[in-house]
Amino acid sequence: MSAPKILSTGRCLPARVVTNEELSKTVETSDEWVYSRTGIHARHFCEKESGLDLAMGAAQQALDRAGLKPEDIGVCLVATFTPDYASPSMACLLQKHLGMLEDTLCFDLNAACAGFLYGMKTAHALLRDSVRPYALLVGCEVISRVLDMTDRNTCVLFGDGAGAAVLCRDEDAQWHTVFGSRGDPESIWVQGPGPDKAAVHMEGKAVFRFAVEVVEKSIRQLLEAEGCGINDLDLVVCHQANARIIDHVAKKLKAREGLFYKNMDRYGNTSAASIPMALDELVLAGELKPGMRVLIVGFGGGLTWAGALLKW
Ligand code: UT7
């Protein structure tokens, strides 16, 4: 199937780092509990920054690295479940503040932690008929805004951040994808709107079971479509919710050590931002290079899941 090409990436995090140690002063928890159950040591929380500040920072980096200007973009999508406003969309705000042209197709999409891959699929479809051949896709979340900081079951898990990518049409690029959704407002949900009501609720064990099921299944489907084995891949980048989910799947698939990337120790679960932030880190570290075979999987609220196997 023809695929979009990722030309560049970017990332932006709020300045404030909140450690497990700090959280343990306000809720009954410990670094030992959180790290051993999730692999998370710290996360960034917005203090002064808005979601738009994060999205702008990540988007500007991605544009600069692609050598493009805002006027070159034909499609602008923001994947988020924590936008600054219900309306205008984050994408419309980005259009104005970055200076994209008024005929740029701008909107937000909400597929929770699978949002970046849903965004790639959407951008790819829209680019076929776009006024200009480049799309800007941003995963941006300010989850601290919807956390109940007295609920230790959820407040230790999430973080804020943004990751961005510039995509272009590429007639030669190929990928395999899988997408799924399962309407379920009981395993993970965010009540809203309204500051008193807006909080993340999660049945952790149910979401854990769902995650290991769909991540393993998606990877197996993508490997079968590609006709290769797990250890023929160069890299697997999963949504960074919990190190134990990733380790469990890697073990079941008999993946070699280090194949599955993990960075939730520093960022927590940043939902739609986690995959583009991880891709950006890998590119900058020189660990993700052109020609590498990469498998990406997202999963989360909705419930939603998505996977893609592509050549970088
Ligand atoms: O991006 C969306 C996708 N989300 C996910 O993938 C999350 C999936 N789920 C998980 O990652 C795990 O289920 C959690 C990390 C959320 C929880 O781990 P768990 O091993 O399933 O723990 P649990 O919820 O069964 O809780 C075990 C105990 C409970 O105490 P009791 O009832 O056994 O006395 C909890 O109250 O741990 C307690 N607990 C905590 N203790 C210290 C729950 N949260 C905390 C905490 N600190 N922060």
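All ligand and atom numbering here is 1-based and tracks the order in the structure. We number each residue from 1, following the sequence as shown. These figures come from a predicted structure and were not determined experimentally. Values below: all heavy atoms of this structure, side chains included; hydrogens, waters and symmetry mates excluded.
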| query | So does K311 have more than 12 non-hydrogen atoms from other groups sitting under 6.0 Å from NZ? | reply |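 12 or below, so no.
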salt_bridge([X], [Y]) N-O dist < 4.0 Å:
X	Y	result
R145	D84	yes
D280	R65	yes
D160	R16	no

Check each heavy atom of [X] against ligand 1 and say whether those closer than 4.0 Å belong to the side chain, the backbone, both or neither.
X	answer
E28	backbone
T29	both
V27	neither

| request: Before giving the answer on side-chain contact (heavy atoms from CB on, under 4.5 Å), spell out for E213 and W305 the whole-Å C-alpha distance, their side-chain angles and the decisive distance to 0.1 Å. | output: CA-CA 11 Å; E213 173 208 326; W305 64 97; over 6 Å; no
| task | Identify which of Q240, R244, R209 has a heavy atom lying nearest to atom 18 (O) of ligand 1. | result |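 Selected option, by shortest heavy-atom distance: R244.
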Heavy-atom contacts with [X] under 4.0 Å: which atoms of ligand 1 show up? List them by number with element.
X	answer
F299	6 (O)
R37	19 (P), 20 (O), 22 (O), 27 (C)
V156	48 (N)
H239	1 (O)
I245	6 (O)
T38	15 (C)
N153	43 (C), 44 (N)

| said: Please determine whether any non-hydrogen atom of C113 lies less than 4.0 Å from an atom of ligand 1. | reply: yes
| F210 heavy atom under 4.0 Å from ligand 1 |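 No; F210 lies far enough from ligand 1 that no heavy-atom distance drops under 4.0 Å.
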Got a protein heavy atom sitting under 4.0 Å from [atom]?
atom	value
atom 27 (C) of ligand 1	yes
atom 43 (C) of ligand 1	yes
atom 33 (O) of ligand 1	no

Check: [X]/[Y] side-chain N/O donor and acceptor closer than 3.5 Å:
X	Y	result
D151	H201	no
T80	E141	yes
T38	N242	no

Shortest protein contact, [atom] (heavy atom only):
atom	answer
atom 5 (C) of ligand 1	V207 CG1, 3.5 Å
atom 14 (C) of ligand 1	N242 ND2, 4.6 Å
atom 39 (N) of ligand 1	W33 CZ2, 3.4 Å
atom 25 (O) of ligand 1	K205 NZ, 2.7 Å
atom 35 (C) of ligand 1	R152 NH2, 3.9 Å
atom 16 (C) of ligand 1	L157 CD1, 3.8 Å
atom 1 (O) of ligand 1	N269 ND2, 2.6 Å
atom 7 (C) of ligand 1	M202 CE, 3.6 Å

| query | So do the side chains of D148 and V200 get within less than 4.5 Å of each other, counting heavy atoms only? | reply | no
| task | Report yes if some heavy atom in the side chain of E281 is under 4.5 Å from a heavy atom in the side chain of R266; otherwise report no. | result | yes
| task | Verify salt bridge (charged side-chain N to carboxylate O under 4.0 Å, His left out) between R132 and D103, making sure each step is shown before the conclusion. | result | CA-CA 10 Å; R132 289 173 291 281; D103 62 353; 2.7 Å; yes
| said: Distance check, rounded to the nearest 0.5 Å: L303 atom CG versus S187 atom OG? | reply: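 Between L303 CG and S187 OG, I get 5.0 Å after rounding to 0.5 Å.
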| request: Can you measure from CE (M100) to SG (C106) and round to the nearest 0.5 angstrom? | output: 5.5 Å
| request: Report the C-alpha separation of L98 and L63 in whole Å, then their side-chain angles, then the decisive distance to 0.1 Å, and conclude whether the side-chain contact (heavy atoms from CB on, under 4.5 Å) test is met. | output: CA-CA 10 Å; L98 278 177; L63 283 171; 4.2 Å; yes
